[in-house]
Asks: 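The structure's right below; bear with me while I get my questions together.
All ligand and atom numbering here is 1-based and tracks the order in the structure.
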Amino acid sequence: MYLAVDTAVFQKSAEIHKFLMFKNKQCLVVSMRVIYPPEDFVKKANVRDPAIYSRTAEDWKGFWEDFARELHWYEPWDVFLDESKAPYYRFFVNGKINVAYNCIDRHLEGKRTKAAVIWEGEDGAQRVLTYQDLYREVCRLSNALKELGVEKGDRVAIFMPNVPETIIAMLACARIGAVHVVVFEGFSARALAFRLKDSHANFIITCDGYYRRGEIHRLKDKVDEALKGYQGVKRVIVVKRLGIEISMLPDRDFWWDNVVKGQKARCEPEIMDANDPLFIMYTSGAIAEPKGVVHSTGGFLVHVYATTKMVLDLKDNDVFWCTAEPGWITGHSYVVYGPLSNGGTVLIYEGAPDYPHPCRVYEIIEKYGVSVFYTVPTLIRMLSACKDEEIEKYDLSSLRLLGSVGEPIEPDTWLWFYRKVGKERCPIVDTWWQTETGGHVISPLPALTPMKPGSVTKPLPGFLVDIVDDGGKPTKPFQIGNLVIKRPFPGIFLNLHADPRHYVKLYWSRYGKKVYYTGDAAYRDDDGYIWVIGRVDDVLNISGHRVSTVEVEHVIMELDEVKECAVIGIPDRVRGFAIGVFAIIRGENYEEVAKTIQEKVKESIGSFAKPSLIVFTPDLPRTEGRKVVKRALSEFMNGRDVEISTLTNPEILRKIKETIKRDSRGVYVVK
Ligand code: PRX
């Protein structure tokens, strides 16, 4: 059963949607409102011909190969796709290419003086790098890295905030064939150490510190801490961003400025095989430890190049602002490689989007004339905190396209974004994809796809996506199932670093080696539009960042005071989800243990994963076999009916319910 609701009428549709979904799983609310791409946009769009769908259905290989031919190759590929070692799919076999060449050198003729990167610091500092500047800086750093001993295939960790040097460092690695491992600067020293060790990184590029909400964050201190436990790093290169006092270890730590000084502004790019790894990106899965997702050079570049052009509609005179941090996949694909391979101008901003005032984002859009704005629903929800009359003070007329990624966007948030930010002139591309897919998979084509607020619409041309039941049978309209991809595509990751067992088990086992299992639940409406519900595994999406509940549990269990714990996602109005901990502890020192748990998670993972709710309980809901049923806690916290028939101790849930409300935050003790 489902209920059709015009979201324009029901402004509170998101709440209705959640309410009905969770009260009764059979009942879904569907937004019936269809919004057509604005005519002005359609006239000038990169992709305007609807035949792209039918043509690609007939020749999907030709579709990708045409995009690939727009790039520079030293040698063309022999075979487009080698499936012989499935699920290890290899694209553009034997093709030779360099990603940095395609992102910089290819544009020097004609775009030498065009802005490649525009940077704004939280403190209002500004820098602009033209393509010539980027070429020079990347070449100088490439030469410096070589002189310090970096060789092709070496892993170079980049632990940096959103500053131009992060992009320069990524491109320098790509230029010389080193594999970069960018780590989100919000991660703790321990989380960094894990990633260094797991990837066998022997070089790090970092900076002294950066600003966040006006406060100084001492990044190099975290690197020093991480390196106490991991001796594999030979050299640390440090950017002087703030000029603060930090410790520099002789023969290990070098200032960026000193190592690039005197280096030649020319460095021949390394000729790379299309299937050499370009980078490793750590992400959370349904297992305790983060997984190193390895991406290819050729296939990845073709995928992000093509989708930046088709979906983000990037053009020569655009100022493109993707708010992602460089340490996440969106930063790789759609801040650096997609836009720069298209010769675009990217804007990056170092600080918090609502600092020093809630309208900072609007201020930046006006200041730089941003035309394409790509962000996450969490930030859109934050943006709506600004009063209408405040927003009206800013000139947002430069905007022509908006995008969303990382988590489901509620129809009312979507409509708010469309009306108040895009002024009903800008299509919104709600793009579904993952760290593992490298680039967009499901999304509207902005000039062709009628939009439905809250739906990621349809698979892009070239992709074969389905929603299937547990037995692998395609689901009927409105039946929730598992989102799968039934055909490989160029951006698909090569492997999990040093962990092929999990590569096969987590992604290519559920429905066999030919069907990629995404871990997301979704359904289709009767127009074939896809509605993503969220993760079905133990992965939480906090502000669009993946966190494994199993990983958080392992960290908490390291505390002697904790006997047992269960970590679940609790709904959060702005961030999508926050972390809730249910713990059985030794003793009764509740306040102190709560603080210790928070500190421990912060230190081990990062502040973004700090629990918002901690419940001390004498027991946890269990099955006959004593297995903890996290789902029961999760269902209660998400307002769904709890299935208690499988529990041996349903009374504990009753006690928990008596102690806390569904929307509780803070520390509680269940007696
Ligand atoms: O659950 C889906 C959600 O984010 C997950 C992927 O997270 P990550 O690998 O960190 O990559 C984020 C940036 C691509 C997916 O499994 N997700 C991503 N995009 C959307 C989404 N959920 C709903 N709508 C989206 N547009």
Asks: I want to know if ligand 1 touches G406 in the polar sense, i.e. an N/O pair below 3.5 angstrom.
Replies: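 Among all N and O atoms of G406, at least one is under 3.5 Å from an N or O of ligand 1.
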Asks: Verify whether one side chain among N482 and Y511 offers a donor that lies under 3.5 Å from an acceptor in the other.
Replies: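 N482 vs Y511: donor-acceptor pair found between side chains.
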Asks: Identify, for atom 2 (C) of ligand 1, the protein heavy atom at the shortest distance, and state residue, atom and that distance.
Replies: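 Nearest protein contact, heavy atoms only, for atom 2 (C) of ligand 1 is D520 OD2, 2.9 Å.
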Asks: Of all the heavy atoms in G534, does at least one lie under 4.0 Å from an atom in ligand 1?
Replies: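 Flag not set, G534 not near ligand 1.
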Asks: Which atoms from ligand 1 have a heavy atom of D430 less than 4.0 Å away?
Replies: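 Matching atoms, with element in brackets: 25 (C), 26 (N).
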Asks: T518 to ligand 1: N or O pair under 3.5 Å?
Replies: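 Checking ligand 1 against T518, no N or O pair falls under 3.5 Å apart.
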Asks: So, is T283 polar-close to ligand 1, with some N/O to N/O distance under 3.5 Å?
Replies: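 Not met; the criterion fails.
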Asks: Nearest to atom 10 (O) of ligand 1, what protein heavy atom do you find, and at what distance?
Replies: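 Sorting protein heavy atoms by distance from atom 10 (O) of ligand 1 puts R546 CD, 3.2 Å first.
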Asks: Any N or O on T330 sitting closer than 3.5 Å to an N or O of ligand 1?
Replies: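 The answer is no, given that T330 and ligand 1 share no N or O pair closer than 3.5 Å.
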Asks: Please work out which of V532, V293, T431, I409 has its closest non-hydrogen atom nearest to atom 25 (C) of ligand 1.
Replies: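 Looking at heavy atoms only, T431 sits closest to atom 25 (C) of ligand 1.
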Asks: How does T435 reach ligand 1, by side chain, by backbone, by both or by neither, if only non-hydrogen atoms under 4.0 Å count?
Replies: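 The part of T435 near ligand 1 is both the backbone and the side chain.
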Asks: For ligand 1, note which part of N541 has a heavy atom under 4.0 Å away: side chain, backbone, both or neither.
Replies: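 Side chain only.
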Asks: Going by an N to O cut-off under 4.0 Å, is there a salt bridge joining R419 and D412?
Replies: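 No, no charged N to carboxylate O under 4.0 Å.
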Asks: Determine whether any heavy atom of P408 lies closer than 4.0 Å to an atom of ligand 1.
Replies: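 Yes, P408 has a heavy atom closer than 4.0 Å to ligand 1.
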Asks: Classify the angle between the aromatic ring planes of Y334 and H440 as parallel (below 30°), tilted (30 to 60°) or perpendicular (above 60°).
Replies: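 Because their plane-to-plane angle is under 30°, the rings of Y334 and H440 count as parallel.
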Asks: Taking only heavy atoms of V405, which atoms of ligand 1 are found under 4.0 Å from at least one of them?
Replies: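 Reading through ligand 1 atom by atom, the close ones are 13 (C), 14 (C).
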Asks: Give the C-alpha distance, both sets of side-chain angles, the deciding distance and a yes or no for ring pair (Phe, Tyr, Trp, His ring centres under 6.0 Å) between H332 and H180.
Replies: CA-CA 11 Å; H332 283 49; H180 59 69; 5.2 Å; yes
Asks: Determine the interplanar angle of the F187 and F184 rings, folded into 0 to 90°, and report it as parallel if under 30°, tilted if 30 to 60°, perpendicular if over 60°.
Replies: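 Perpendicular, since the angle between the ring planes exceeds 60°.
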Asks: Checking contacts here: is it the side chain or the backbone of E407 that comes within 4.0 Å of ligand 1, counting heavy atoms only? Could be both or neither.
Replies: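 Under 4.0 Å from ligand 1, E407 contributes backbone atoms alone.
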Asks: Check whether the side chains of Y507 and E436 place a donor and an acceptor atom closer than 3.5 Å, and report yes or no.
Replies: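 Result is yes, a qualifying pair exists.
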Asks: Could you check whether D318 pairs with R400 (Lys NZ or Arg NE/NH1/NH2 to Asp/Glu carboxylate O, under 4.0 Å)?
Replies: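 So D318 pairs with R400 through a salt bridge.
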Asks: Have T413 and R381 got a donor and an acceptor in their side chains that come within less than 3.5 Å?
Replies: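 T413 vs R381: no donor-acceptor pair found between side chains.
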Asks: Minimum heavy-atom separation for S404 to I409, with atom names?
Replies: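 For S404 versus I409, the nearest heavy atoms are OG-CD1, 4.1 Å.
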